[in-house]
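Following: one structure in structure tokens, then a few remarks.
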Amino acid sequence: MNQFIEPKILQGTRDFLPEQMAKRDYVLEKIKTVFTKFGYDAIETPAIEYAETILGKYGEEGSKLVYRFKDNGDRDICLRYDQTVPFARVVAANYKTLPMPFKRYQIGRVWRADRPAKGRYREFYQCDIDIIGTQSLVAEAEIAKVMAEVFTALGFSKFKIKFNSRRLINSILKDLNIPAENQAGMIRILDKMDKLSLPEIKQELKSLASDSEASKLLELVCVEGSSNDRLSLFQKYNTTEIQEFLKIAKGFGIPDEALVFDPSLARGLDYYTGVIFEVYIPEVDIGAVCAGGRYDDLCSLFCPEKFSGVGVAFGFDRIIVAMEQLKLLDEISLNSQALVAYFDAATLPDSLKILGDIQTAGLKAEIYFEPAKIAKQLKYADKKNIPFVVMCGSDEKERGEVTIKMMKTGKQKTIPQDQIINYFKGYSSL
Amino acid sequence: MKTPERLRIAVQKSGRLNQGSMDFLGSCGLTFAPNGHSLILPCQNFDLDVLYLRDDDIPEYVSRGVADFGIVGQNVLAEKEFELKILKKFDFGKCRLMIAAPADSVIKTPKDLEGERIATSYPKLLTDYLKKEKLEAAIIPISGSVEITPDLNLADAICDIVQTGTTLKAHNLVPLFTILESQAVLIESPINKQAKEKFLLKCGIN
């Protein structure tokens with residue numbers, strides 16, 4: 001008896017079958033369309049890198065989650081953990097020839113040796129845009145505009161782009177006389193604002209500051225009201241950056257209600273230095289679907305040059321989950337829109353010509369591979385959710401006609417063969 | 001001193017709205033001298049020129065502000081997708097955009113249109129209608145003489161303007177259902193001009 005290998009995959013990894021892929025491709029295409037509309041070009045980097053490139057860039061926790069192995073030539077290799085570090089390496093190696101400022105998008109898989117959980121995978125997609133080589137706030141505002149256009153294009157109507165400035169947080173912490181060495185820690189605690197209750201946050205803050213300092217900080221950052229109302233409460237701090245950013249963002253035409261100044265927004269990572277972003281979908285409780293900000297020191301580990309930049313990562317898997325929950329992907333079908341039936345050898349040339357015509361009309365179409373019973377061919381169309389089956393048997397061939405079966409209603413329509421292109425072109429909904 | 005701004009109103013050059021449009025301007029007390037074949041007709045007692053245009057160009061002229069006002073069929077306006085302010089609906093130029101099919105056709109109700117070929121000069125309005133009714137059909141865009149397409153086996157139904165129904169009858173077509181009721185309307189360009197107020201006052205429109 002044969003021994004079969006169990007067709008299993010690693011926990012935390014996924015196969016995507018056509019129906020799932022159709023949705024993912026649709027979303028990816030929409031996102032890419034917005035990126036390219038703003039002139040971003042794509043780059044790719046290898047899945048495997050030298051360990052020294054990857055290790056030691058993600059803090060103590062992160063380094064434990066890097067996939068690392070010896071290859072057949074005994075080289076120390078890591079799998080890509082994110083796209084930012086490889087991007088920094090690419091910039092360090094190529095900055096003399098790259099156009100500056102340099103903007104790029106990068107969509108790829110990354111790997112983390114994490115314990116799999118709901119929504120946490122060992123292999124998943126990241127989808128990044130960055131602009132480097134400029135300190136201009138036009139870059140921040142463009143990133144905000146791209147985020148707004150992406151979420152609008154995907155059909156989200158209520159998304160919120162929350163933003164804050166690390167400079168503002170630092171200026172508040174300084175004003176409260178928090179010692180420099182405790183500031184990063186306090187920012188990391190503030191970053192847990194949407195996961196912990198206010199008393200819990202306060203408790204944690206008290207490990208790094210006094211009770212009154214913690215209260216004052218929380219009172220400051222938890223204000224209510226519109227972006228401008230909130231901003232007016234921070235007059236004594238340095239808000240020029242935020243005001244200037246808002247002004248440019250307005251010029252880009254980002255709707256006021258989509259852009260929310262949130263002084264409690266902190267972003268945990270140490271490398272942010274200026275404006276920071278997180279995007280939320282209020283109807284879906286899934287956390288941020290996109291996040292990032294301004295950093296000043298992208299490549300210093302790889303070259304002497306310093307590059308200031310701003311970038312965000314779109315959480316592709318979370319976006320898909322949110323869209324599924326809001327039924328924004330229900331209409332996405334598989335590729336094929338028309339199946340041309342295969343009757344017999346005599347009519348096959350006509351059927352192939354018809355296939356070409358349907359494709360000329362702009363539909364994605366295919367021919368059935370065998371002269372099987374028509375019921376079987378219809379079943380195939382049904383299983384692939386193909387809306388039209390186009391038939392040219394010997395009767396139709398003789399009359400120069402073709403019969404179109406609409407699978408949704410079962411209705412059949414016969415038209416002259418030479419009208420096929422215009423017939424299908426006439427479907428404005430396809 | 002600045003010379004007063006001269007306004008322009010776009011009116012159908014020839015066809016079913018021309019007479020009604022000129023009658024309306026006349027009823028407002030505006031007089032025009034016959035001007036031969038010129039397409040610009042100056043008003044004798046108001047700073048206004050009439051532009052004689054093809055009716056389906058009128059929304060374009062008005063949306064660009066080349067004409068400050070226009071008198072056009074609602075059907076033409078809706079087909080052109082311009083968001084222009086309608087100031088007044090007239091009771092001339094009334095017609096209906098209807099689906100019609102040959103008397104012996106199987107098409108009797110909207111849902112019978114599924115998968116059929118429909119010839120029309122109003123592809124946008126027809127598309128909107130089909131979408132609203134959740135129907136899919138093949139739209140055959142034709143600029144004119146849509147009535148003959150079923151006879152030529154080019155279409156199974158038509159979507160066209162019906163006034164009296166005589167043309168349909170002559171081609172053995174039966175009007176089935178209306179997708180838009182239309183009439184002549186006065187539209188205004190989005191570009192502000194002070195003189196516009198004066199014209200509207202003259203015409204008794206606020």
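Order of the sequence lines sets the chain letters (A, B, ...), proteins ahead of strands, with each chain counted from 1.
Around CZ of B/Arg54, the count of heavy atoms belonging to other residues, nucleotides or ligands within 6.0 Å does not exceed 12. More than 12 heavy atoms of other residues, nucleotides or ligands shown are found within 6.0 angstrom of CZ on B/Phe199. Counting non-hydrogen atoms of neighbouring residues, nucleotides and ligands closer than 6.0 angstrom, the CD atom of A/Glu324 exceeds 12 such neighbours. When the shell of 6.0 Å around CG of A/Asp330 is examined, it contains more than 12 heavy atoms from other residues, nucleotides or ligands. Around NZ of A/Lys37, the count of heavy atoms belonging to other residues, nucleotides or ligands within 6.0 Å does not exceed 12. With a 6.0 Å radius and a threshold of 12 heavy atoms from other residues, nucleotides or ligands, B/Lys89 has its NZ atom at or below the threshold.
Within residues 400-413 of chain A, the residues having any heavy atom closer than 4.5 Å to a heavy atom of chain B are A/Met406, A/Lys408, A/Thr409, A/Lys411, A/Lys413, listed by residue number. Residues of residues 149-175 of chain B having a heavy atom under 4.5 Å from any heavy atom of chain A, listed by number: B/Asn153, B/Leu154, B/Asp156.
To the nearest 0.5 Å, atoms OH (A/Tyr427) and CZ (B/Arg117) are separated by 10.5 Å.
In this structure, A/Asn422 and B/Ile140 approach most closely via the heavy-atom pair O-CD1, 4.3 Å.
Checked against side chain to side chain contact (heavy atoms under 4.5 Å, CB included), B/Lys202 has the following partners two or more places apart in sequence or in another chain: B/Leu30, B/Phe46.
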Side-chain donor-acceptor contacts of residues 78-88 of chain B below 3.5 Å, not counting sequence neighbours, with atom names and distances?
| unit_1 | atom_1 | unit_2 | atom_2 | d |
| --- | --- | --- | --- | --- |
| B/Glu79 | OE1 | B/Lys124 | N | 3.3 |
| B/Glu79 | OE1 | B/Leu125 | N | 2.9 |
| B/Glu79 | OE2 | B/Lys124 | N | 2.8 |

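Formation of a donor-acceptor pair under 3.5 Å by the A/Tyr423 side chain with backbone atoms of B/Gly115 is found in this model.
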